[in-house]
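Here the structure is a predicted model, which is why all the values come from computation and not from measurement. Labels below follow one simple rule: chain letters A, B, ... track the order of the sequence lines, proteins then strands, and each chain is numbered from 1.
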Protein chains: 2
Amino acid sequence: MSRPTIAGVARAAGVSVASVSRVLNGLPATEEMIERVQRAVDALGYVPDSRARSLKVGRTFQLTLAVADVGNPVYVTMMRAVEEVVSAAGYRLVVTTTGPDVVDEVALVRGMARGYADGLLISPIRVDEDLVKSIRECEVPVVVAGNVPAKAGVDTVRANSPKGMLLAVDHLVAKGRRRIAFLNGPADTVPGAARSKGFTEALKAHELQPAAVAEATDFTFAAGRAAAPDLLAAGGVFDALICANDLLAVGLMHELAAAGLEVPRDVAVVGMDDSELAEQSFPPLTSVNLGSAERGRRAAELLLARIEDNERAPRRIVVQPSLSIRRSTP
Amino acid sequence: MSRPTIAGVARAAGVSVASVSRVLNGLPATEEMIERVQRAVDALGYVPDSRARSLKVGRTFQLTLAVADVGNPVYVTMMRAVEEVVSAAGYRLVVTTTGPDVVDEVALVRGMARGYADGLLISPIRVDEDLVKSIRECEVPVVVAGNVPAKAGVDTVRANSPKGMLLAVDHLVAKGRRRIAFLNGPADTVPGAARSKGFTEALKAHELQPAAVAEATDFTFAAGRAAAPDLLAAGGVFDALICANDLLAVGLMHELAAAGLEVPRDVAVVGMDDSELAEQSFPPLTSVNLGSAERGRRAAELLLARIEDNERAPRRIVVQPSLSIRRSTP
DNA sequence: ATCGTTCTTGTAATCGTTTACAAGCCCGAC
DNA sequence: GTCGGGCTTGTAAACGATTACAAGAACGAT
């Protein structure tokens with residue numbers, strides 16, 4: 001009454017287990033053999049056990065995608081793209097949340113050695129020596145969506161934040177805004193550092209000084225709201241605002257409204273990531289598209305390619321940004 | 001140079017594989033044995049292969065959560081709750097997206113027979129005979145987050161939509177709104193049907209007639225926008241609007257604004273799910289909290305309990321709703 | 001000193017597949 | 001008629017762990 005095994009099918013069909021396996025895997029066999037096996041499989045309702053198969057062939061046909069926060073809509077975009085690529089290649093996708101701590105990321109990468117997935121696609125929010133080391137030593141192929149030192153010797157796909165910042169600043173300046181403020185996420189994160197640098201450079205390119213700068217404790221909606229007093233304390237000195245991601249931008253816009261400031265008339269707001277939230281927010285948020293979908297797609301492709309051939313030289317792909325203009329800017 | 005196996009550790013430690021396994025699994029052993037094994041494990045950097053372990057013990061320590069659309073923020077809430085419970089119990093969570101088609105759901109449930117997960121937590125959006133049958137016959141324990149006939153003989157955790165609808169209508173009526181419209185999702189879905197019924201009943205309880213009713217093609221932001229003309233064609237006949245979920249509500253609010261209607265002055269809007277989006281939208285959305293987090297938590301607990309004891313009688317839990325009042329209603 | 005218990009450890013079977021290898025068969029060519 | 005080559009199929013050895021069972025050691029009681 002319990003689950004039939006390949007041996008049961010073989011017995012029922014009056015053939016060997018090897019033949020059953022061959023038929024099931026599409027290896028050459030006579031018409032009659034295929035017929036008999038198929039009949040027995042259908043009769044017993046046999047389904048091969050993927051655990052046993054995994055052990056033997058050394059692959060699980062699972063890939064892991066690790067992100068910091070499933071509540072961040074940018075990961076939804078990325079996840080969709082990754083899922084599409086890997087499922088087309090016959091893999092299941094395991095999505096894990098690491099949280100904001102680098103130690104959890106390291107633990108995750110180390111844990112891959114247990115062999116429950118054939119590859120790891122990680123988008124680390126904080127990077128340290130330990131993480132780089134664990135990635136380099138990881139038993140299974142790893143692709144990083146984000147910025148990690150070249151010495152990690154790993155395939156990476158990253159965004160071009162500075163260029164994205166420049167697009168944002170260009171746009172604001174073109175609309176006549178000169179007093180530009182910046183709300184960053186935590187500066188000790190990889191995206192936080194990149195965006196801070198990008199903002200400074202972009203302003204320099206236009207020979208402008210930052211009107212105000214604040215740093216949220218996290219890349220979340222709540223942190224965006226919480227950071228508002230810091231910026232507003234500077235009182236009306238800015239007429240434009242760039243936020244390090246869409247969640248921060250939306251959080252902050254709520255507080256701008258509460259303070260009686262109208263977007264975009266009083267303050268133009270630009271987010272980053274161009275996630276679904278940018279479109280959904282009100283007013284719809286102009287946002288720097290850092291190519292999350294494309295990054296997800298490219299990263300998934302790199303991972304599949306590396307699983308095929310682990311000897312290939314690591315590639316470092318940079319995806320170029322674009323600007324999605326919506327009504328939060330004039 | 002390749003990955004060490006338990007045999008390698010045994011050789012290095014000069015003990016048997018059984019002893020290594022016992023030490024690693026915390027079974028009784030002498031101090032000296034533990035010491036020697038531990039030293040060898042550390043020296044070789046041995047990590048047990050979960051594929052082999054899965055085969056032998058018949059468990060993968062993975063659970064699958066299947067939802068229709070990862071872009072729907074209500075699933076983020078649910079996923080967080082599920083993840084918390086299952087990871088505390090030592091399981092990994094595999095999140096899969098089924099899409100809106102029932103055939104894909106059926107395929108997923110059937111596929112569980114392959115044994116890559118120890119249990120399935122599914123939130124089906126459409127339910128038919130096939131799905132019920134596949135759930136009943138599923139090789140691994142299944143818990144349904146949603147409504148499925150009792151004859152499926154499966155643990156379920158569901159929301160109380162009618163009660164939720166009543167809370168929404170009560171609130172609107174208390175605020176003096178009498179001309180209440182309703183934007184549903186597809187009526188051929190389980191939540192769609194439940195909400196439609198709930199809306200009718202709730203109005204009847206207040207002896208009101210529906211001011212307008214429309215049906216979106218999907219539970220998405222885009223579908224909410226697209227449904228606007230249908231409702232607005234009725235022109236100003238409603239002063240309140242209930243939407244079958246938050247995404248629809250937010251989508252529709254964009255169109256209300258475009259049509260020059262102000263929320264909540266001209267139209268009060270109530271969403272359902274009380275997802276993160278409700279808080280993030282502008283104005284913040286009054287929303288019926290259908291207990292997604294609690295449903296996720298309870299469902300995960302049921303699943304774990306059933307894995308422990310598959311003979312227990314199926315339980316059918318109903319989670320009661322509450323109303324989160326925000327600024328989209330007066 | 002002998003026996004029986006208890007505790008520790010090792011040997012080997014097992015989980016359900018895949019796959020290397022060998023054996024058997026059929027067929028055409030010599 | 002025999003032989004070689006190509007197909008098909010079967011036998012059995014993996015994959016890397018867990019665990020039932022047996023054997024050996026230690027020790028106390030008689």
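- Taking atom CZ of A/R36 as the reference point, atom C1' of D/dT8 lies 13 Å away to the nearest angstrom.
- Among residues at least two apart or in separate chains, there is no ring pair (Phe, Tyr, Trp, His ring centres under 6.0 Å) pair with a member in residues 2-48 of chain A.
- Within 6.0 Å of atom CZ in B/R315, 12 or fewer heavy atoms from other residues, nucleotides or ligands are found, so the atom counts as exposed in its surroundings.
- Comparing the local axis fitted to the first five base pairs of the helix from C/dA1-D/dT30 to C/dC30-D/dG1 with the one fitted to its last five gives a bend of 70°, rounded to 10°.
- For the side chain to side chain donor-acceptor pair (under 3.5 Å) test, residues two or more places apart in sequence or in another chain that qualify with B/Y91 are B/R59.
- Checked against side-chain contact (heavy atoms from CB on, under 4.5 Å), B/S123 has the following partners two or more places apart in sequence or in another chain: B/Y75, B/A145.
- Of the possible polar contacts, none joining the B/S21 side chain to the B/V17 backbone as a donor-acceptor pair under 3.5 Å is found.
- Judged by distance alone, the side chain of A/R80 and the main-chain N or O of A/A293 form no donor-acceptor pair under 3.5 Å.
- The distance from atom CZ of A/R114 to atom P of D/dC15 is 20 Å, rounded to the nearest whole Å.
- Screening residues 128-159 of chain A for ring pair (Phe, Tyr, Trp, His ring centres under 6.0 Å), with sequence neighbours left out, gives no hits.
- Between B/E129 and B/K133 no salt bridge is recorded (no basic side-chain N to carboxylate O distance below 4.0 Å).
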Report summary line: Scoring nucleotides 14-21 of chain C by protein non-hydrogen atoms under 4.0 Å (B base, S sugar-phosphate only, - none) yields BBBBBB--
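- Within the structure, every side-chain polar atom (N or O) of A/S54 is placed at least 4.0 Å from both OP1 and OP2 of D/dC15.
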